[in-house]
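All chains are named by letter (A, B, ...) in the order of the sequence lines, taking the proteins before the strands, and each is independently numbered beginning at 1.
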Amino acid sequence: MGKHLTSRSEDFAKWYNELVIKSGLADHSGVRGCMVIKPYGWAIWEKMQSILDKKFKATGHQNAYFPLLIPKSYFNKEAQHVKGFAKEVAVVTHYRLKHDPKTNEIIVDPDAKLEEELIIRPTSETIIWSTYKNWIQSYRDLPLLINQWANVVRWEMRPRLFLRTTEFFWQEGHTAHATEQEAIEEAKLILGIYTDFLQDYVGISVSTGIKTDSEKFAGAINTYTLESVMQDGKALQLGTSHFLGQNFAKAFDVQYSNKEGKLEYVWATSWGVTTRMIGAMIMSHSDDDGLILPPLLAPIQVVIVPIYKDDETHSRINEKAEQIIKELEALDISVKYDNEDGQSPGWKFAEYELKGVPIRIAIGPKDLENREVEIARRDTKEKKNYPNTDIGNVIKDLLDEIQKKIFNSSKSFQQESTHEVDKFDDFKSLLNDKGGFISAHWDGTAETEEKIKNETKATIRYIPFNGKEEEGTCIYSGKKSKRRVIFAQAY
RNA sequence: CGGGGUGUAGCGCAGCCCGGUUAGCGCGCCUGCUUUGGGAGCAGGAAGUCGCGAGUUCGAAUCUCGCCACCCCGACCA
């Protein structure tokens, strides 16, 4: 294992890559764009899943599972949807391999060609709506509130660990409602759940708003988004919640009888967050020494490192460590006692900093003598000695404090990274300089949006909700504008 | 898909230009002793189809041709 990471200032992309791999979250695999998520990384995802899952269930959603493979014809039905995803779907064309007698190699059996090709889901709207058609007949069947935890495949040209992989994990919610209003409320409810989750648990400050037509989900009427600024000044979309209108209902003919016995198309939403959140968490909080994990998602919240010279001291430390472990476990704090004797304490310190364990407790001869322990927090690198008494509660409070501190840093960073700009020259120089969110006037046309993108690589990340009415002129075209939108260069 | 790079021990690399001992170094691993408050030291040891396939040659990690894979940078995307 290399001793040092590339620093963020030297090469942010390299820092990120090394960090993901060296901290043991994930590995590259034999297939381009597909990654192996290792136990330490998967443990974080499991925590994310269980927290979100509870929130979904608390708001009336149920989990179900729909198939990975979707007949190509289903995919055809909603025009915008096909158009949006066509470029990146993987297609299954055959169902068998055979031995080639000539080369003695395994080849695709040409006789096993599928009559109808199957696509590997890039998202599940089509298969779900073709199923909902049979599930929904009456207003009594509504609302239908389903979520699934699944993997999807989108053939990516330029993959990046966690941020953009060809296969990724996510949850996708798909709901059907009797009224437009109710569907919009659902999409916003979920956006609120995502916001709370990202801020309270992942510790990332997010901003929300509506996507422009060119950035919205293929097949949606409106896409609500959550966005944040990473440490390098680039923006990242962390999740989306879509109001789908009646587009899929009409494409798949999903109608219900209302109380008056008249047939009406249902109103739909879909929404998702992915393993990308892990990448965002890394890029938001971590430093040149390694990960900084928010306590509420850290697989290990506290690590105890013993320091000893002789067996007698060692066994006294073990005793003390056991006491602390009991105290912490009683408070539901996850703790690891690293009592391996293969590595020096210094090695362990560096290792757990790399892995982002929020709190480290060191116990050595001095501490035994003074009836203390040394407690070090990962986020600030601060070290302090605490007396033996009531260590559990000290740690508990410290974990809370770290969680808050991480979020507050993210919040102030996001505020510092947001700038109002009125001149296109300033807009461009700001992008070159530090990036971040740029709040600027836009004339509302797709043409201007496109031109700005081509010239600066910045896109409109979102149109803020309740953006205050403000007379102004478009930063690019000089035409009249009534509100500011948020631009950024994005991942 | 374009440009660049890499492929040699579990990991990171050198060797290749200019072919020739038994393919080397660091980390890790195993054994032993000494160590342990910020990535420990010494001694000994195990571990390699040199990405794959052809070719040139007395001889190929090294030269030639072909193939494959991955990474990085750009255009598309959660």
Side-chain angles (χ1 to χ4, degrees), chain A residues 1-6 11 13-14 16-18 21-22 24 27-35 83-89 103 105 122-123 151-172 194 211 214-218 223 225-227 235-242 270-280 289-290 305-311 313-314 317 338-354 360-370 372-374 376 381 383 385 453-454 457 459 490-491:
Chain A
M1 181 133 333
K3 285 188 180 174
H4 293 288
L5 289 169
T6 300
D11 187 339
K14 200 171 175 192
Y16 175 81
N17 256 300
E18 285 180 9
I21 289 168
K22 289 185 177 174
D27 262 335
H28 292 291
S29 77
V31 179
R32 179 184 164 72
C34 293
M35 66 173 171
K83 215 174 137 194
F85 284 102
K87 297 179 301 262
E88 52 186 3
V89 289
T103 63
E105 272 170 29
T123 180
N151 55 340
V152 290
V153 167
R154 298 182 186 176
W155 215 260
E156 291 296 342
M157 302 205 207
R158 188 146 125 58
R160 234 139 115 37
L161 291 164
F162 286 114
L163 299 177
R164 192 181 307 103
T165 46
T166 295
E167 178 191 15
F168 59 92
F169 276 82
W170 73 349
Q171 58 68 217
E172 47 179 326
Y194 289 162
K211 285 288 188 188
S214 58
E215 295 277 333
K216 74 184 183 186
F217 177 72
T223 289
T225 182
L226 303 105
E227 307 266 336
L236 184 70
Q237 177 178 310
L238 282 154
T240 46
S241 181
H242 316 291
S270 69
W271 28 274
V273 287
T274 76
T275 38
R276 169 181 276 186
M277 289 189 293
I278 296 173
D289 293 318
V305 177
I307 301 157
Y308 53 87
K309 290 195 169 108
D310 54 84
D311 287 350
T313 316
H314 189 184
I317 291 170
D338 189 344
N339 204 12
E340 299 294 319
D341 63 357
Q343 287 101 8
S344 68
W347 190 93
K348 291 175 184 174
F349 291 176
E351 182 65 11
Y352 291 108
E353 277 162 16
L354 178 64
R360 179 187 72 231
I361 300 176
I363 312 172
K366 283 184 224 159
D367 305 304
L368 289 179
E369 206 174 303
N370 302 330
E372 289 180 343
V373 292
E374 181 195 82
K381 292 285 198 81
K383 285 195 274 198
N385 288 319
K453 184 181 174 184
N454 290 339
K457 293 192 175 115
T459 49
Y491 272 98

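Between the P atoms of B:G10 and B:U57, the separation comes to 35 Å (whole Å). Rounded to whole Å, the P atom of B:C25 lies 14 Å from the corresponding atom of B:A43. Nucleotides B:U36 and B:C50 place their P atoms 44 Å apart, quoted to the nearest Å. Going from the C1' atom of B:G24 to that of B:U34 covers 30 Å, rounded to whole Å. A gap of 15 Å separates the P atoms of B:C71 and B:U8, to the nearest Å. Comparing the C1' positions of B:A46 and B:G5 gives an interatomic distance of 33 Å, to the nearest angstrom. Nucleotides B:C76 and B:A69 are separated by 23 Å at their C1' atoms, to the nearest Å.
In this structure B:C1 sits in a base pair with B:G74, meeting the Watson-Crick or G-U test at under 3.5 Å. If you check B:U49 for Watson-Crick or wobble pairing at under 3.5 angstrom, you find it has no partner at all. Searching all strands for a Watson-Crick or G-U wobble partner of B:G24 with both distances below 3.5 Å returns B:C13. When both pairing distances are held under 3.5 Å, B:A43 makes a Watson-Crick or G-U pair with B:U31. Across all strands shown, B:U6 pairs with B:A69; the Watson-Crick or G-U wobble distances both stay below 3.5 Å. Across all strands shown, B:G38 has no partner, as no Watson-Crick or G-U wobble contact with both distances under 3.5 Å is found. In this structure, B:A54 forms a base pair with B:U64, meeting either the Watson-Crick or the G-U wobble geometry with both donor-acceptor distances under 3.5 Å.
Within the structure, a side-chain polar atom (N or O) of A:N17 is placed less than 4.0 Å from OP1 or OP2 of B:C72. The side chain of A:S344 places an N or O atom within less than 4.0 Å of a non-bridging phosphate oxygen (OP1 or OP2) of B:A40. A sub-4.0 Å separation between OP1 or OP2 of B:C73 and a side-chain N or O of A:R158 is present. In this structure, A:R32 reaches the B:C71 phosphate: one of its side-chain N or O atoms is under 4.0 Å from OP1 or OP2.
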Where do A:E227 and A:K211 land on the salt bridge (charged side-chain N to carboxylate O under 4.0 Å, His left out) test, with the steps shown first?
-> CA-CA 11 Å; A:E227 307 266 336; A:K211 285 288 188 188; 2.8 Å; yes

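In terms of position on RNA chain B, the residue among A:R164 and A:K348 whose nearest nucleotide sits closer to the 5' end is A:K348. Comparing A:A13 and A:K453 by the nucleotide of RNA chain B whose heavy atom lies nearest to each, the residue mapping closer to the 5' end is A:A13.
Atom CG of A:D310 is surrounded by more than 12 heavy atoms from other residues, nucleotides or ligands within 6.0 Å.
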Listed pairs under 3.5 Å, donor-acceptor, residues 157-169 of chain A side chains, sequence neighbours left out:
from   : atom 1 : to     : atom 2 : distance (Å)
A:R164 : NH1    : A:R158 : O      : 3.2
A:T165 : OG1    : A:E167 : O      : 2.8
A:E167 : OE2    : A:N151 : ND2    : 2.8

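Contact annotation for A:P306: no contact, since no heavy-atom pair falls under 4.0 Å across all strands.
Protein atom CH2 of A:W347 is 14 Å distant from nucleotide atom P of B:C27, rounded to whole Å. For the pair A:E215 CD and B:C77 P, the computed distance is 7 Å after rounding to whole Å. In this structure, the CG atom of A:D338 is 16 Å from the P atom of B:G39, given to the nearest Å. Between the CD atom of A:E369 and the C1' atom of B:G37 there is a distance of 13 Å, given to the nearest Å.
Within the 3.5 Å criterion, the main-chain N or O of A:D338 finds a donor-acceptor partner in the side chain of A:K348.
Taking only distance into account, the side chain of A:E353 meets the base of B:G38 through a donor-acceptor pair shorter than 3.5 Å. Under 3.5 Å, the side chain of A:K383 and the base of B:G38 form at least one donor-acceptor pair of N or O atoms.
Contacts of A:D367 classified as salt bridge (charged side-chain N to carboxylate O under 4.0 Å, His left out), with partners at least two apart in sequence or in another chain: none.
Rounded to the nearest 0.5 Å, atoms CG (A:N385) and NZ (A:K366) are 9.0 Å apart.
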